[in-house]
Amino acid sequence: MASQKKQCILVTGGAGFIGTHTVLQLLREYYRVYIIDNLHNSVPEAVERVKVLAGPALSANLHFHVGDLRNKDDLEKVFTQARFDAVIHFAGLKAVGESVEKPFFYYDNNIVGTLNLFELMTKYDCKKMVFSSSATVYGQPKKIPCVEDFQLQAMNPYGRTKLFLEEIARDIQKGDPKWRIVLLRYFNPVGAHESGQIGEDPKGIPNNLMPYIQQVAVGRLPELNVFGNDYPTKDGTAIRDYIHVMDLADGHVAALQKLFNTENIGCIAYNLGTGHGASVLDMVAGFEKASGKKIPIKFCPRRQGDATAVYASTEKAQKELGWKARYGIDEMCRDQWNWASKNPWGYHSQHP
Ligand code: NAD
Ligand code: UDP
């Protein structure tokens, strides 16, 4: 058995899609984990399933608090429960379209929530953070692959919350060099844990490609609208860098280890992607192969603000975090189908 680690990690948004998969990996690495989540986009059942997957011994190291980052009292309650060695900060709203319609909600939730978190971390002298950023901060990249030192640009209020929070994190670290902050820029997280017990369960009609395809495959939606088939790409559809959520989870464990081991890390960004681009039609074909189901598609106009092709340069994460994605499209589709076929209504037993 690996040596027992006992560092204590606060995971905000730990009941969500990426959070649950990361918490499971943290428990398996013997970290003690506290989750704070307001359940805006998640359900307690997801955390229960993480406990089952971790088993009785490791799940004893997991504590779940329902609370909202916008409420300092909720945060204070958690910070008085344990002494945290680091925070992984997932909690946030992430739907681009909704952010255009409700910008205040997004700025309030993502920015105010994070400022409160920084305040409480400062008060309790916990100055190590891994932050969920996004490839959205590259905007419409002029060159691909995206390299971490590219100029940043945001295309919508959601993207701006990520960009502003990156800037805020850099300023906070500059003001007090005791801070160590890793900004992880995720590309397109998909897939699910191989057990099929946890996965992505969006509320309402999904905005993202893979949850949408999944719901077509299980019969919840009739067909996939493919946004644009006139892009200058091999098949006319847009290219993205899809990454298996378990690879992403392992990237967080690598980032934490880097934080603990590197005194002068400052505030540093890493891409978490595979470095490979796949088109919308590649993903449809991958899911059809994994599920044995035909995914009916309809070609539609381009979605406003969508870039032609976005994929990551993975060199920095590989060199400095010692992390590299292991899974390809076949595994992503296989595991997402396993989750979908076992849980056609997500964490609900029927139409929620
Ligand atoms: P998710 O919605 O599944 O998880 C986020 C969790 O945070 C949810 O459980 C939600 O209830 C919680 N939350 C939101 N606001 C909160 C608040 N004020 N207080 C407490 N809890 C709150 O999303 P996810 O896909 O797991 O994404 C996690 C993070 O990664 C987000 O910050 C997101 O912006 C970022 N990200 C996601 C993607 C993606 O495609 N999934 C891509 C890039 C970046
Ligand atoms: N997409 C699509 N139909 C959908 C959802 C997405 O054709 O119902 C396309 C979208 O235009 C983009 C790709 O799939 O080219 C990935 O979109 P997603 O929203 O998942 O991620 P992002 O745009 O944030 O990279």
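Whatever order the structure lists them in is the order used to number ligands and atoms, beginning at 1. Atoms considered below: every heavy atom in the structure, side chains included; atoms not considered: hydrogens, waters and symmetry mates.
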Any protein N/O atoms within less than 3.5 Å of an N/O atom in ligand 1? List the atom names and distances, or say none.
from     : atom 1 : to   : atom 2 : distance (Å)
ligand 1 : 2 (O)  : N41  : ND2    : 2.7
ligand 1 : 3 (O)  : F17  : N      : 2.8
ligand 1 : 9 (O)  : G16  : N      : 3.4
ligand 1 : 9 (O)  : D37  : OD1    : 3.2
ligand 1 : 9 (O)  : D37  : OD2    : 2.6
ligand 1 : 9 (O)  : S42  : OG     : 2.7
ligand 1 : 11 (O) : D37  : OD1    : 2.7
ligand 1 : 11 (O) : N38  : OD1    : 3.3
ligand 1 : 11 (O) : H40  : N      : 3.0
ligand 1 : 11 (O) : N41  : N      : 3.0
ligand 1 : 11 (O) : S42  : OG     : 3.4
ligand 1 : 13 (N) : N38  : OD1    : 3.4
ligand 1 : 15 (N) : N109 : ND2    : 3.0
ligand 1 : 18 (N) : D68  : OD1    : 3.0
ligand 1 : 18 (N) : N109 : OD1    : 2.9
ligand 1 : 19 (N) : L69  : N      : 3.0
ligand 1 : 21 (N) : N38  : N      : 3.1
ligand 1 : 21 (N) : N38  : OD1    : 3.3
ligand 1 : 23 (O) : K94  : NZ     : 3.4
ligand 1 : 25 (O) : K94  : NZ     : 2.7
ligand 1 : 26 (O) : F17  : N      : 3.3
ligand 1 : 26 (O) : I18  : N      : 2.8
ligand 1 : 32 (O) : F90  : O      : 2.7
ligand 1 : 32 (O) : K162 : NZ     : 2.9
ligand 1 : 34 (O) : Y158 : OH     : 2.8
ligand 1 : 34 (O) : K162 : NZ     : 3.1

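- If you check the side chains of R185 and Y138, you find a donor sitting under 3.5 Å from an acceptor.
- Between D282 and K234 there is a salt bridge, since a side-chain N of the basic residue sits under 4.0 Å from a carboxylate O of the acidic one.
- The salt bridge (charged side-chain N to carboxylate O under 4.0 Å, His left out) test applied to K298 returns E223, not counting sequence neighbours.
- Within 4.0 Å of ligand 2, contacts by protein heavy atoms are made from N188, N207, N208, L209, Y212, L224, N225, V226, F227, A238, R240, Y242, V280, R303, D306.
- Of the N and O atoms on the side chains of N343 and R49, at least one donor lies less than 3.5 Å from an acceptor on the other residue.
- With respect to the salt-bridge test (charged N to carboxylate O, under 4.0 angstrom), the residues D230 and R302 qualify.
- More than 12 heavy-atom neighbours from other residues, nucleotides or ligands sit within 6.0 angstrom of NZ on K316.
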Do any side-chain atoms of residues 10-26 form donor-acceptor pairs under 3.5 angstrom with protein atoms, and if so which ones, sequence neighbours left out?
from : atom 1 : to   : atom 2 : distance (Å)
T12  : OG1    : H89  : ND1    : 2.7
T12  : OG1    : F90  : N      : 3.0
T12  : OG1    : A91  : N      : 3.0
T20  : OG1    : G16  : O      : 2.8
T20  : OG1    : F17  : O      : 3.0
H21  : ND1    : F17  : O      : 2.7
H21  : NE2    : H193 : N      : 3.1
T22  : OG1    : I18  : O      : 2.9
Q25  : NE2    : D250 : OD1    : 2.9

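- Judged purely by distance below 3.5 Å, without hydrogens or angles, the side chains of H244 and D335 pair a donor atom with an acceptor atom.
- With 3.5 Å as the limit, one finds a donor-acceptor pair spanning the side chains of Y270 and E320.
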